[in-house]
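Below, chains carry the letters A, B, ... as their sequence lines are ordered, and counting in each starts from 1. Computation of the quantities below employed the complete heavy-atom set of this structure, encompassing side-chain atoms and omitting hydrogens, waters and symmetry-equivalent molecules.
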Amino acid sequence: MRWSKTYIPTLREVPSEAELISHQLLLRAGFIRKLAAGVYIYLPLMQRVIKKFSDIVRDEMDKSGALEITMPVLHPAEIWQESNRYETAGKELMKLKDRHQHDLVLGPTHEEIVTFLLRGELRSYKQLPINLYQIQVKFRDEIRPRFGLMRGREFIMKDAYTFDADDESFAIAYKKMVDAYFAIFKKAGLDTKKVESDTGAMGGKAAHEFMLIVDTAGGEEVILFCDKCDYAANVEKATFRETNLPETDSEMKATEDVATPNAGTIEEVTDFLKIKAHRLVKTLIYLADGKPVAAMVRGDRELNMTKLTNQVGAVELELAPAEVVEEVTGCPVGYAGPIGMAQEIPLIVDNEVTRIKNFVVGANKNEVHTINVNLDRDFKATKIGDIINAPVGEQCPNCDGILHAKKGIEVGNTFMLGTKYSESLNATFTDTDGNEKPFLMGSYGIGITRTPQAAIERFHDEKGIQWPKNIAPFLVEIIPLNYAKDEHKEAAERLYNELTSNGIDCLLDDRTERAGVKFNDADLIGVPIQLIIGDKSLQQGKIEVKNRQTGEKSLFDINNMTEEVTKLLGQIN
RNA sequence: CGGGGUGUGGCGCAGUCUGGUUAGCGUGCUUGCUUUGGGAGCAAGAUGUCGGAGGUUCGAAUCCUCUCACCCCGACCA
């Protein structure tokens with residue numbers, strides 16, 4: 001492709017709307033433009049990246065035995081009502097009405113549709129297993145779309161669905177997908193980690209996420225890793241073993257209310273009472289599906305809303321607004337405690353709280369805390385369980401290693417759905433014994449538009465993008481320094497024709513721009529190999545080569561370019 | 001949804017507090033000449049519903065009301 005014949009609108013300045021470096025580079029390098037919040041136009045370079053990544057995904061999915069189909073984007077609301085996700089995922093769904101006032105949904109994912117398809121088609125175990133996938137645009141009415149292609153309202157996803165007759169067969173299907181995912185990301189030049197995750201709104205038995213580890217602001221997810229074994233889980237899911245028992249008293253003491261003037265925060269209270277943060281147990285009021293619940297965790301711990309949601313069996317959980325807190329506790333926000341609340345509500349207590357004697361809690365009175373409080377003696381828990389984020393430095397749940405945290409971007413996920421959808425949508429088959437059984441299902445996603453942005457977040461420098469070769473818009477960019485000069489132009493054209501006819505994907509910068517402009521644009525768009533045609537090297541019968549990933553420069557013989565370029569391509573990521 | 005912020009040529013911004021020529025600057029764009037190995041120089045030129053609607057005023061980018069869009073933050077304070 002010639003630069004003059006395509007459209008690469010590079011920007012010199014950073015558009016003010018972009019926060020993340022990867023988002024800025026996508027805009028500056030002329031890959032995307034925004035239409036509305038979370039809705040983007042893919043320009044020619046992005047289109048090429050999408051195609052290259054999609055081809056890798058297709059290739060590996062096909063190899064794994066999955067079958068490509070295309071399902072509709074437009075869904076009748078009824079099928080979503082049938083699975084009950086019209087309610088549970090309601091706010092995320094893009095809804096619309098047709099001219100007959102029929103409710104429709106723009107598909108955010110396709111469990112319902114693929115199950116609809118197969119419940120009418122598959123009647124026997126003999127037709128199983130089957131794996132169907134598609135690469136297609138999805139719609140989600142995100143609360144807050146942000147960061148360019150990272151969290152859009154419209155985006156492209158590869159989604160696959162497996163149907164199996166029994167657990168052994170499902171385990172094979174799941175493993176095949178996991179293997180395919182590792183192969184896909186490896187081919188795309190991305191080293192991903194598979195981590196355990198919560199099943200969330202998707203439901204089902206278990207789930208994993210494929211994370212690209214980054215150390216930039218783009219890493220939205222926190223992942224806990226064991227330093228000894230291969231345990232890895234995202235923060236919502238990660239558990240730990242309580243081996244570092246906190247210091248505490250041996251005997252219970254009598255409770256006492258203590259005035260704590262102007263001490264509302266954990267720090268203020270612990271300073272005032274001269275105690276360590278773990279001895280102050282905070283009581284947080286949440287609304288679980290609209291009903292207030294209280295949760296107690298150590299002052300030095302973070303409550304994990306996903307775990308709490310699961311403990312109370314709720315669909316939606318949100319921190320209670322101040323008015324509700326005041327109504328429930330009977331005092332201003334900041335002094336909630338388990339004893340003497342104005343209303344009786346469920347009380348979920350974190351495991352760790354049971355290890356401490358004589359802790360401090362809010363007294364449900366303004367600027368008063370109660371000291372020497374003990375579980376069971378002074379109040380009863382509705383439920384005791386793990387409701388905190390696994391703390392860094394605590395012990396791995398599987399071995400004696402220590403947990404540490406990293407940030408990552410989720411580029412793929414796999415869900416063991418079990419029979420959640422096949423049961424709710426009544427999709428059954430006849431087993432070997434003649435009985436009707438619901439299908440065992442799995443669903444598997446890869447963000448086709450998010451992954452390239454994640455790759456940029458991982459691979460860039462101050463000059464621009466450093467694409468891994470297999471998802472780069474081009475493999476090679478030919479840069480004649482002075483296209484108006486016949487020798488440069490001829491050498492460039494010859495090189496372009498030679499490489500192109502040998503199947504090497506080239507971009508020829510045939511603009512009559514100055515060298516500096518071309519160098520900067522080349523570094524910005526991030527094509528892995530730059531071939532620079534200038535007087536210095538040309539006079540020696542050489543072409544200058546710059547490896548965009550390392551910045552390394554060398555000279556190739558002008559008569560041996562295809563071989564040299566192919567060799568270099570074989571060496572880079 | 002709550003909180004904060006921003007809307008001014010393609011892009012980045014100033015001007016708004018304290019209303020007053022013809023709304024500026026940088027960059028980009030067009031044309032010409034020169035230049036040509038890391039975002040050139042000189043010259044000439046084009047490009048604005050100042051997000052929108054309404055209002056106050058002799059006069060509004062600027063003040064008031066409403067509205068729309070976009071960006072950021074969101075629960076250790078319980």
Flag for Thr260(A)-Glu367(A): side-chain donor and acceptor within less than 3.5 Å: no
I'd like the C1' distance from rC73(B) over to rG12(B), given in whole Å. 24 Å
Could you give the distance separating rG51(B) and rC13(B) at their P atoms, to the nearest angstrom? 15 Å
Look at the side chain of Arg146(A) and decide which nucleotide, out of rC72(B), rC70(B), rA40(B), has an atom nearest to it. rC72(B)
Picking from rU36(B), rG37(B), rC71(B), the nucleotide nearest the side-chain atoms of Ala515(A) would be rG37(B)
Specify the separation, in whole Å, of atom CD of Glu19(A) and atom C1' of rC70(B). 13 Å
Integer angstrom distance from the C1' of rG28(B) to that of rC64(B): 37 Å
Whole-angstrom distance between rC11(B) and rU57(B), as gauged at atom C1': 36 Å
Set of side-chain contact (heavy atoms from CB on, under 4.5 Å) partners for Thr550(A), sequence neighbours left out: Asn547(A), Glu552(A)
From the list Arg151(A), Lys407(A), Arg144(A), salt bridge (charged side-chain N to carboxylate O under 4.0 Å, His left out) partner of Glu220(A) resolves to Arg151(A)
Grab the NZ-C1' distance between Lys536(A) and rG38(B) for me, whole Å please. 10 Å
Write down the distance between CG (Asp486(A)) and C1' (rU36(B)), rounded to a whole number of angstrom. 15 Å
Decide yes or no on side chain to side chain contact (heavy atoms under 4.5 Å, CB included) for Thr354(A) and Asp376(A), but give the supporting numbers first. CA-CA 9 Å; Thr354(A) 65; Asp376(A) 290 335; over 6 Å; no
When you get a sec, tell me which of rU36(B), rG38(B), rG74(B) is the closest nucleotide to the side chain of Asn482(A)? rU36(B)
Could you work out which one of rC1(B), rG12(B), rG38(B) sits closest to the side chain of Lys553(A)? rG38(B)
Rounded to whole angstrom, note down the P distance from rA69(B) over to rU22(B). 35 Å
Taking a pair as Watson-Crick or G-U wobble with both distances under 3.5 Å, which nucleotide is matched to rA23(B)? none
Interatomic distance at P, rG2(B) relative to rU47(B), whole Å: 43 Å
Under the salt bridge (charged side-chain N to carboxylate O under 4.0 Å, His left out) criterion, do Asp249(A) and Lys357(A) qualify, and how do the steps go? CA-CA 6 Å; Asp249(A) 297 340; Lys357(A) 286 199 176 80; over 6 Å; no
Rounded off to whole Å, could you give me the CG-to-P distance for the Leu287(A) and rC1(B) pair? 18 Å
Could you tell me which residues satisfy side chain to side chain donor-acceptor pair (under 3.5 Å) with Thr270(A), sequence neighbours excluded, listed by chain and number? none
Taking atom C1' in both rG4(B) and rA43(B), what distance in whole Å separates the two? 47 Å
Go through the N and O atoms of the side chain of Asp535(A) and the base of rG37(B), and report whether any donor-acceptor pair is under 3.5 Å. no
Under a 3.5 Å cut-off for both contacts, is rU65(B) paired Watson-Crick or G-U wobble with anything, and if yes, with which nucleotide? rA53(B)
In B/S/- notation (B base, S sugar-phosphate only, - none; protein heavy atoms under 4.0 Å), nucleotides 26-35 of chain B written 5' to 3' is BSS------B
For rA60(B), the nucleotide meeting Watson-Crick or G-U wobble distances (both under 3.5 Å) is none
When rounded to whole Å, the CD to P distance for the pair Glu142(A) and rC72(B) reads 13 Å
Answer yes or no: does a side-chain N or O of Ser16(A) lie under 4.0 Å from OP1 or OP2 of rC11(B)? no
Proximal nucleotide (of rG38(B), rG37(B), rG74(B)) relative to the Ile143(A) side chain: rG74(B)
Separation of rC70(B) P from Tyr40(A) OH (nearest whole Å): 10 Å
Could you measure between the two C1' atoms, the one in rG15(B) and the one in rC68(B), and give it in whole Å? 24 Å
Whole-Å gap separating P (rG10(B)) and NZ (Lys34(A)): 16 Å
Integer-rounded Å distance: rC70(B) C1' and Glu17(A) CD: 8 Å
Side chain of Arg144(A) only, please: which of rC72(B), rC11(B), rG38(B) is the nearest? rC72(B)
With side chain to side chain contact (heavy atoms under 4.5 Å, CB included) as the test, would you mind laying out the steps for Ile529(A) and Ile572(A) before giving the verdict? CA-CA 9 Å; Ile529(A) 294 177; Ile572(A) 66 175; 4.2 Å; yes
Return the nearest nucleotide to the side chain of Pro15(A); candidates are rG37(B), rC71(B), rC11(B). rC11(B)
Just to be sure I understand the rule, does Gly362(A) reach a base, reach only the sugar-phosphate, or reach nothing, if contact means heavy atoms closer than 4.0 Å? nothing
Tested for side-chain hydrogen bond (donor to acceptor under 3.5 Å, both in side chains) against Asp103(A), the lone hit among Gln81(A), Lys95(A), Lys97(A) is Lys97(A)
Is the ring centre of Trp3(A) less than 6.0 Å from the ring centre of Tyr496(A)? no
Closest-nucleotide ordering on RNA chain B, the 5'-leading residue of Gly516(A) and Val269(A): Gly516(A)
Please name the nucleotide paired to rG32(B) by Watson-Crick or G-U wobble geometry with both distances under 3.5 Å, or report none. rC42(B)
